[in-house]
Amino acid sequence: MLDWLYSVWPGLEASVTLLSLEPPGWGGNLVRGAVNSLIIALGAFGLGGVIGIFGAVGKLGGGAVTRDLLAVYTTVVRAVPELILILLLYYAGTDLLNQFLRLLGQRPVEISGLVAGIGVLGIVQGAYATEVLRGAIQAVPKGQLEAARAFGMGRVQTFRRVTFPAMLPLALPGLSNLWLIATKDTALLAIVGFSELTLETRQAAGSTRAYFTFFLAAGAIYLVMTLLSGRIFGWIEARFRRGQAGARA
């Protein structure tokens, strides 16, 4: 079978060699880059989710100043391209932090690419998550909230026991899209030199001149990540929608 494939596609054997996990193959580099991309995406998605919860609650129940500040945050982040935000937050943010530390008499710090990547993408994710969760909270039937207050529940208890469980199934489709955006946005971190999948692919392709082989392999890895993510979020959504009207068993 392999001999037939090699005869039909003469370059296949060379491509398999280049993509092998052991040197002289570069497959190990691509796997390492894919793992780094997933770590950053998970961290950014989690941070964005936390920001989104507080942002959504602040927009709906905060004071006028809080609502205005959150409106500026979500508007600016969603309006400015992610690449510009990454460059701005990565370089300017690090510089501002070190200037603040100097004022306090502390030594400047060098932020790791992993922490910076999670922080930058988390801020971007948080703006979108704020709007997704705000819409989901507003979709919770008012009668459920009134019933919670009638039973004497406070705001925090109502959110934890009623609002959050009710709004989560409504927010999951939007959060699923944000997760996919997070996995793809990790590619933008290549511009600041972080070794995620795209940068590893560029280095491998540049060293071997096998651009088609490596970028096709990277595209396949992103596709597999997307398909697996879709299945996982589909399972989570079906689980949380269990018992709801119109939900599939």
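F164 has its side chain out of reach of V140: every pair of non-hydrogen atoms, C-beta onward, lies at least 4.5 Å apart. At least one side-chain heavy atom of S229 sits under 4.5 Å from a side-chain heavy atom of L180. A 4.5 Å side-chain heavy-atom check between L70 and T130 finds every atom pair outside the cut-off. By the 4.5 Å heavy-atom criterion applied to side chains, L133 and F54 are not counted as neighbours. L85 is not listed as a side-chain neighbour of V120, based on a closest heavy-atom distance of 4.5 Å or more. Contact annotation: the side chain of M225 approaches that of L38 to within less than 4.5 Å [non-hydrogen atoms, C-beta and beyond].
Not a single donor-acceptor pair under 3.5 Å links the side chain of Y128 to the backbone N or O of G52. Listed for the S207 side chain is no donor-acceptor partner under 3.5 Å among the backbone atoms of A204. Although no hydrogens or angles enter the test, the distance criterion places a donor-acceptor pair under 3.5 Å between the side chain of Q125 and the main chain of L178.
Taken to the nearest 0.5 Å, the CG atom of L189 stands 5.0 Å off from the CG atom of L121.
Through chains of ILVMFWY side-chain contacts below 4.5 Å, V224 is grouped with L228.
Counting only residues at least two apart or on different chains, the side-chain hydrogen bond (donor to acceptor under 3.5 Å, both in side chains) pairs with a member in residues 137-149 are R134-Q138. For the ring-ring contact (aromatic ring centres under 6.0 Å, His included) condition, no pair includes a residue of residues 95-121, sequence neighbours left out.
For F45, the ring-ring contact (aromatic ring centres under 6.0 Å, His included) test picks out W179, with sequence neighbours left out. With sequence neighbours left out, the salt bridge (Lys or Arg N to Asp or Glu O under 4.0 Å) criterion links R155 to no other residue.
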Quick one: side chains of residues 55-64, donor-acceptor pairs under 3.5 Å with protein atoms, not counting sequence neighbours, listed by atom name and distance.
from : atom 1 : to   : atom 2 : distance (Å)
K59  : NZ     : T74  : OG1    : 3.2
K59  : NZ     : E131 : OE2    : 2.4

Go through Y222 and T186 one step at a time and tell me if the side-chain contact (heavy atoms from CB on, under 4.5 Å) criterion holds.
CA-CA 11 Å; Y222 279 117; T186 58; 4.3 Å; yes

